Structure formats: C-alpha cells, structure tokens
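Read through the structure below, which is laid out as structure tokens, and then see the notes.
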Protein chains: 2
Amino acid sequence: MAGKVIYLDNSATTRLDEKVLEAMRPCYLDDYAVATSEFGYSQGLEAREILSEARDRIAGSLGAEADELIFTSGNTESSNLAIKGVARALGAKKGRHIIVSKIEDFPVLHSAKALEKEGFEVDYLDVDEMGFVNVAQLEALIRDDTILVSVQHANQEIGTVQDIAAIGTLCRQKNVLFHTDATHTFKRIPLDVRKIDVDLITISAHTIHGPKGIGGLFVRKGTPIVKIMDGGFQEFDLRAGIENIPGAVGFAKAVELINDDENQLLKEMRDRIISLVFEKIPIVTLNGDRDKRIPQNANITFHHVEGESITLHLDMYGIAVSTGSACFSRSLEASHVMMAIGGDHERAHGSIRFTFSRLNTMEEIGIVVDKLAKIVEDLRRISPLGKTGGE
Amino acid sequence: MAGKVIYLDNSATTRLDEKVLEAMRPCYLDDYAVATSEFGYSQGLEAREILSEARDRIAGSLGAEADELIFTSGNTESSNLAIKGVARALGAKKGRHIIVSKIEDFPVLHSAKALEKEGFEVDYLDVDEMGFVNVAQLEALIRDDTILVSVQHANQEIGTVQDIAAIGTLCRQKNVLFHTDATHTFKRIPLDVRKIDVDLITISAHTIHGPKGIGGLFVRKGTPIVKIMDGGFQEFDLRAGIENIPGAVGFAKAVELINDDENQLLKEMRDRIISLVFEKIPIVTLNGDRDKRIPQNANITFHHVEGESITLHLDMYGIAVSTGSACFSRSLEASHVMMAIGGDHERAHGSIRFTFSRLNTMEEIGIVVDKLAKIVEDLRRISPLGKTGGE
C-alpha cells in the first residue's frame with residue numbers, strides 16, 4: 001500500500017479542498033468564532049453577517065434568495081426535513097399521499113417508509129432500464145390527496161439524470177409539491193429555481209470537496225413545511241441548533257471553487273474510463289444512461305465476477321473504488337437501484353462505481369483500467385461465476 | 001473595538017481549540033478523509049478505525065462502552081433523538097406520558113411540545129427558586145404510562161446542577177427511562193454511567209472548544225429507541241448520514257484536552273466575578289445556586305437595568321457577554337428559566353450570563369467588573385427603571 005493511493009470512489013469528492021479548510025479556519029479560531037446574536041456585542045453581529053454571506057452564495061448558485069436556503073447537517077437531514085416536514089404540514093389538511101421513485105437514495109426512501117408507519121400512503125414510481133422515471137406514469141399516480149412528489153435529480157449509483165423540468169411542470173400543474181435530491185448534481189449540472197418548478201432541493205457540501213456535517217435544503221418561499229428538529233429558532237425557525245458557521249463558510253467556499261472547466265474534465269475522465277473498459281474488457285455493461293449522466297460517475301458491471309473481489313484486488317494495487325452502492329456495500333445486499341433497473345443479483349453484485357474528482361488525473365484512468373483488465377481476467381478464470389466467462 | 005476582545009459569553013467555549021483543528025486536519029485532507037467501508041479498500045477500514053477510536057474516547061469519558069455512543073449533529077439533535085426516539089419506540093407499547101422539567105433547554109422542551117401535538121401527554125416539573133427540581137414531586141407525577149423523564153444535569157442559563165443520581169435511582173425503581181441533557185456539564189462535572197442510573201445523555205462538542213456540528217447521545221445498552229433521521233444504516237442504525245469523521249475526531253480531542261486544573265481555574269474565575277460584583281455593585285442577585293453550579297457559569301441580575309443595555313455598553317469596551325439566555329436573547333422574550341425560578345420580567349431582563357473558558361484570565365475578570373460597575377451606575381442614573389436605584 002506504499003505510494004499514492006488512487007481514489008476513484010466516492011471519497012474522492014468527500015475529501016476537503018485545502019482552500020475550504022483555509023476559509024473555515026478563521027471561523028473556528030478568530031473573532032468570528034462566536035455564536036450569532038441579533039442583540040448584544042459586535043462580534044455576534046459579524047458572525048451573523050458571515051453566515052448570511054455564505055447563505056447568499058450557496059442560495060445564489062441555485063438562483064434562489066438567501067432566505068430560501070436552510071442549513072442542515074447534511075443531505076440526509078435535508079431530505080428528512082423535506083419529506084417529513086411537508087408531510088406533517090399538509091397531512092391533516094390536504095392529504096396523506098406521497099410519490100417517490102424506486103431508486104431514490106435512502107434518506108428519501110426511508111423517510112417515506114417512516115411516514116407509511118404514521119399512516120401516510122406512498123407510491124413508488126418505477127424506472128426503466130436506464131433509470132428514468134416515466135412522467136406519464138407519474139401523472140397517472142397523482143391523486144387529489146397527493147401532497148408531494150420526490151424524484152432525485154440524478155442517481156447516487158448509476159448517475160442517470162432525470163428530466164426534473166418536466167416533472168416540476170407536471171407537479172405545478174397538479175398543485176403538488178416537488179422535492180428533488182440534488183446531492184449528486186449540485187454544482188455539477190445547472191439547476192436554476194427560477195427556471196424549474198421545484199419547491200424543495202436537497203444539497204450537501206460533502207460531495208463537492210466541502211466539509212462533512214453540513215448540507216442545505218432549498219425551500220421555495222411559501223412552501224408549507226414544519227421543522228423536524230425542535231429547539232431554538234435558528235434557520236428561519238425551520239431547523240433548531242447552534243449555527244455551524246465554519247461549516248457554512250466551508251460549504252460556500254466549496255461552491256465557489258467548482259467551475260465548468262472542472263466539470264468538463266470530470267466528464268472527459270468518465271468518458272475515457274467507459275471507452276477504455278469497453279475496449280479492453282469483454283462482457284461488461286454500463287449501468288445508467290450513456291449521455292444523461294452526471295460528469296463524475298461511471299458504473300459498470302463486470303459480468304461473472306463479484307464486485308467485492310474486484311475492490312479487494314484493486315486495493316492491493318492502491319486503487320480505491322466502491323461496489324455499486326457505496327452506502328449499501330456494507331450490507332452486501334443487492335442494490336435497490338440495480339434491481340429497479342431490471343438487473344439481477346449477478347449484475348448487481350458485479351458492478352463497480354467509479355467517482356471522479358478534481359484530485360484525479362487522466363493518467364490514473366489508464367492505470368486503473370490496465371489493472372482492472374488483468375484482475376477481471378484472473379477472477380473470471382478462477383471464479384465459479386466465471387465458468388461462462390468465455391461466452 | 002480595536003484590541004483584544006474579552007469574551008465572557010458562550011462563544012468563549014464555542015471557540016475551537018487550535019489543537020482540535022490540528023487533530024481534525026488529516027481527517028479532512030489526508031488518506032483518512034474517506035468514507036468508512038466495511039468491505040473494499042484499506043483506507044475505508046482505516047477511516048472506520050479512526051471513527052471507532054474517537055467514539056471509544058468520548059464514550060469512555062462517561063464510563064460507557066463505545067457502542068453506547070451515537071454521534072449526532074449536536075446537542076439539539078441528541079435531545080430530539082432521545083425524547084422522540086424513546087416516545088416513538090414506547091408510545092404504542094407502554095404509554096404516552098413524559099415528564100420534563102420546566103427549565104430544560106429548548107431541544108428538550110420543544111421536542112416534548114412537538115410530541116404533545118402527536119398525542120403524548122407531558123408534565124412540566126416545577127423548580128424552586130434556585131432551579132432545583134423536587135424529587136418527591138417527580139415521584140408523585142410518575143404514572144403507570146410514564147415512559148420517560150428528562151431532567152437536565154445543569155441549567156444552560158443559571159448553571160444549577162441537579163441531583164441526577166437521586167432522579168436516576170427513582171426512575172430505575174419506577175421502571176421509567178431517564179434522559180439528562182449534559183450539554184453544559186460534560187467534562188466539567190463528573191458523570192459516570194456505571195454509577196448513575198441514567199439511560200440517555202445528551203452531549204455536545206461545541207461547549208468544550210470542539211467543533212460545531214457534532215454532538216453525541218449516550219444510549220444505555222437495551223434502551224428502547226428508534227431513529228428519527230432516516231436513511232443509511234450508520235451509527236448502529238440509530239442515526240443515518242455519512243459519518244462526520246473530522247468532527248468526531250475533533251470532539252474526541254476536545255474531550256482529551258479538558259482536565260481538572262482547567263475546571264478548577266474556571267471555578268475560581270466564576271467565584272471571583274461573583275464576589276467582586278457583590279462587593280462593587282449594589283442591588284444585584286445571583287441567579288442559580290451558589291455552590292451547586294457549573295464551574296463556567298455566573299448569572300447575575302443587575303436590578304433596575306436592562307440586560308441589553310449592559311451588553312451594548314460592555315460591547316463598546318470590547319467585552320462580550322450575553323443576556324440571561326444566549327439562545328433566547330434574539331427574541332427579547334423573558335427567559336423561561338428566569339420565570340420558572342420565580343423571577344419577574346424585570347429580574348429576567350436585567351440578567352447577564354457570564355461564561356468562562358480556558359481562553360479567559362483572572363485579570364480579565366477584574367477589568368470586566370470595573371467596567372460593569374460604571375455602566376450599571378450610569379444606566380441606573382438615566383434609566384426609567386433606575387428611578388428606584390438609590391433604594
């Protein structure tokens with residue numbers, strides 16, 4: 001394990017940019033490191049101002065007003081707040097029916113499941129083999145008592161980008177609130193709330209080289225929602241808890257540091273790994289759409305091989321990748337995303353997710369594919385799954 | 001505002017210790033800055049190990065096992081999880097009655113209020129003029145359907161330390177779960193879960209020079225509780241969300257840095273400000289108990305003067321203090337704590353909370369009291385409230 005490790009897993013983007021840490025440093029240690037206060041001493045007012053600037057910058061990057069952005073502890077809390085907060089605001093008034101896609105990330109999916117236990121009814125929207133929801137099917141599911149639709153902007157595993165503009169337009173027509181989890185698209189794919197009819201957007205700092213422990217929820221003005229974290233009156237009385245000012249400032253800096261050139265480079269690395277793999281390794285499938293996918297993601301099934309075996313062998317070469325679902329890989333269950341797009345267990349377990357970041361280079365892509373080709377060939381030769389490897 | 005500001009408000013303790021930032025740095029930037037993973041690459045396993053060491057150290061400081069500590073985003077979330085998590089686990093089984101003290105901090109108090117809307121019944125325990133709950137009164141309130149008692153270890157405003165050993169013993173006898181909010185006592189006053197019958201303890205990093213955005217909840221083995229933040233399976237499936245490893249490591253470092261000498265020094269600063277104020281300024285009241293109080297807190301009412309006026313005038317001298325409730329000061333409502341201990345609005349509004357930290361010096365205490373004496377005298381001369389100032 002000596003030498004530099006090549007990270008092509010989700011930790012690539014969760015590593016803090018050193019410039020972000022420098023931006024956070026004074027908030028941790030200097031005079032701004034104080035609690036916010038509307039009354040009282042000057043430093044408390046300065047702290048408020050700094051928090052407000054961070055909020056401005058992040059909200060602005062979505063085309064939103066500063067008071068439409070709630071800071072949370074991360075995308076998990078943001079999605080919990082969106083789903084449960086709307087459900088509790090409207091459950092007794094308008095209805096108790098919610099629609100989410102089958103391939104949502106766990107914060108949305110499990111918040112919906114939790115609401116089912118409280119008497120809400122949830123419909124789980126199918127996706128096609130590329131991971132796209134069908135807007136006509138969504139329309140057919142919307143009822144008079146439907147209060148919320150939650151469809152992610154892009155998938156956490158296979159990277160497919162949904163047509164949230166069309167979904168938003170439909171929801172607006174039907175007078176149903178629309179939440180999208182943009183954890184994996186924020187700052188990677190443009191999203192402007194002045195152009196798209198979306199009411200709630202989950203974002204996070206940890207996927208853009210910002211600090212862990214802070215995220216955000218865009219809440220369009222006038223959206224009915226109640227807080228789920230009770231306590232003080234922070235965040236426009238929508239999220240209690242002492243403000244994490246260093247986190248907010250780090251988040252804003254991370255937002256500032258991403259530009260189109262970077263996203264273009266990620267896209268080139270993504271396209272390069274896909275074309276190299278298809279060139280050098282037989283019997284592989286790209287999971288998710290070829291073109292409508294986030295720039296930082298490639299998800300490939302190497303048939304007749306276990307994904308865990310590939311990750312362990314790559315690890316020996318100092319290369320870090322994840323099996324299909326980074327979060328899910330702990331449980332060794334088949335990914336719900338892979339199953340929803342029609343994959344069987346074999347396809348799900350043979351899938352590897354590559355994530356690209358500004359810390360990667362095109363040279364690394366070549367190295368990784370060379371190792372991969374050898375590992376997959378060896379594994380297919382010895383594996384019981386590989387007995388049909390010569391097909 | 002030129003020169004060094006003297007912080008005697010709660011921001012004193014919320015400022016990060018530079019050693020904490022140094023401990024966090026590699027978790028942000030180096031190979032450990034990755035997601036945890038049970039399968040797959042080595043760095044993910046190292047990240048898990050680092051998280052586990054941090055958990056060990058923090059849990060150990062309470063006499064707890066590592067798997068009895070859940071990391072959260074802070075004391076607000078910890079108390080929400082304790083109160084709502086137990087309520088939802090036991091509400092349908094054992095009962096829907098909860099008892100909390102009237103002077104709990106907002107995370108506990110407002111979580112209880114939120115549960116009332118869900119059909120739970122809450123009794124609010126009185127406190128005496130020093131802020132102590134009466135254990136006999138608590139016993140009388142416990143019913144067959146009581147599932148949880150929440151009484152803080154020490155008060156956030158007046159610093160009074162409750163006899164949680166006696167409360168714990170009673171709750172254990174009555175087979176009722178006991179939660180205590182130890183946000184303001186953690187590492188300041190010993191609390192050992194092997195000696196005290198407490199089932200759930202809220203702690204936070206931000207009150208001990210640790211990072212904002214991370215806290216913890218001790219959950220004694222076997223305590224019935226369900227998660228309130230849905231998503232992934234992190235934190236023993238009790239709190240979803242990508243682990244904030246830098247935060248956890250910073251929290252552990254903050255725990256390590258506090259020692260008895262420091263707490264002794266805080267106590268001496270506390271006692272010094274109290275004796276100096278009583279010596280130099282007439283018509284003042286110490287709020288909270290004189291002896292059973294946390295080392296880092298003094299809360300004093302300067303009668304016939306508005307607390308806000310004092311903070312503004314001290315600010316001109318570069319001295320930062322808070323009115324009675326730092327969190328509450330934004331709303332200008334009278335503190336619920338001051339009202340519960342029998343204070344009237346005048347006493348509540350004239351109160352100032354001083355918080356001491358390792359960043360303060362005994363010399364600062366003298367400077368602050370000198371300025372205070374002059375300010376209070378001036379304000380009493382000109383204020384309509386001060387017309388009886390010569391009594």
Side-chain angles (χ1 to χ4, degrees), chain A residues 1 5 7 9-11 14-16 18 21 25 28-29 31 33-35 37-44 73-74 76-77 79-80 106-107 110-111 113-114 206 211-214 229-233 240-242 244-247 308 311-312 314-315 320-323 326-327 329-332, chain B residues 1 5 7 9-11 14-16 18 21 25 28-29 31 33-35 37-44 73-74 76-77 79-80 106-107 110-111 113-114 206 211-214 229-233 240-242 244-247 308 311-312 314-315 320-323 326-327 329-332:
Chain A
M1 200 68 56
V5 176
Y7 290 97
D9 83 314
N10 66 327
S11 69
T14 61
R15 184 169 313 214
L16 205 71
E18 189 137 11
L21 189 56
R25 197 179 166 82
Y28 275 135
L29 300 173
D31 277 354
V34 301
S37 172
E38 200 157 322
F39 306 101
Y41 51 89
S42 312
Q43 296 74 28
S73 63
T76 293
E77 186 183 337
S79 291
N80 272 260
F106 289 138
H110 292 176
S111 291
K113 295 255 179 230
H206 83 276
K212 289 170 190 168
I214 190 146
M229 191 83 87
D230 290 289
F233 305 104
I242 187 170
N244 181 356
I245 299 180
E308 272 74 28
T311 59
L312 288 170
L314 282 175
D315 183 46
V321 300
S322 298
T323 50
C327 308
S329 48
R330 221 180 266 186
S331 68
L332 279 181
Chain B
M1 200 69 55
V5 176
Y7 289 96
D9 83 314
N10 65 326
S11 68
T14 62
R15 184 169 314 213
L16 205 71
E18 189 138 12
L21 189 56
R25 197 179 165 83
Y28 275 135
L29 300 174
D31 276 354
V34 300
S37 172
E38 200 158 321
F39 306 102
Y41 51 88
S42 313
Q43 296 74 30
S73 64
T76 293
E77 185 183 337
S79 291
N80 272 258
F106 289 139
H110 291 174
S111 291
K113 295 255 179 230
H206 84 274
K212 290 171 190 168
I214 191 148
M229 191 84 86
D230 290 290
F233 304 105
I242 187 171
N244 180 356
I245 300 181
E308 272 74 27
T311 60
L312 289 170
L314 282 175
D315 183 46
V321 299
S322 299
T323 49
C327 309
S329 48
R330 220 180 265 184
S331 69
L332 279 182

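Every value quoted in this text rests on a predicted model; they were computed, and no experiment measured them.
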Looking at every non-hydrogen atom in both residues, tell me the closest pair between [X] and [Y] and how far apart they are.
{"X": "B:Ala114", "Y": "A:Asp230", "result": "CB-OD2, 3.4 Å"}
{"X": "B:Tyr28", "Y": "A:Pro211", "result": "CE2-CB, 4.4 Å"}
{"X": "A:Leu21", "Y": "B:Leu21", "result": "CD1-CD1, 4.3 Å"}

When rounded to the nearest 0.5 angstrom, what is the spacing between NE2 in B:His110 and CE in A:Met229?
15.0 Å
Residues forming a side chain to side chain donor-acceptor pair (under 3.5 Å) with B:Thr76, sequence neighbours excluded
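None.
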Among all residues two or more places apart in sequence or in another chain, which pass the side-chain contact (heavy atoms from CB on, under 4.5 Å) test with A:Asn244?
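Partners of A:Asn244 under the side-chain contact (heavy atoms from CB on, under 4.5 Å) test: A:Ile214, A:Pro246, B:Lys212.
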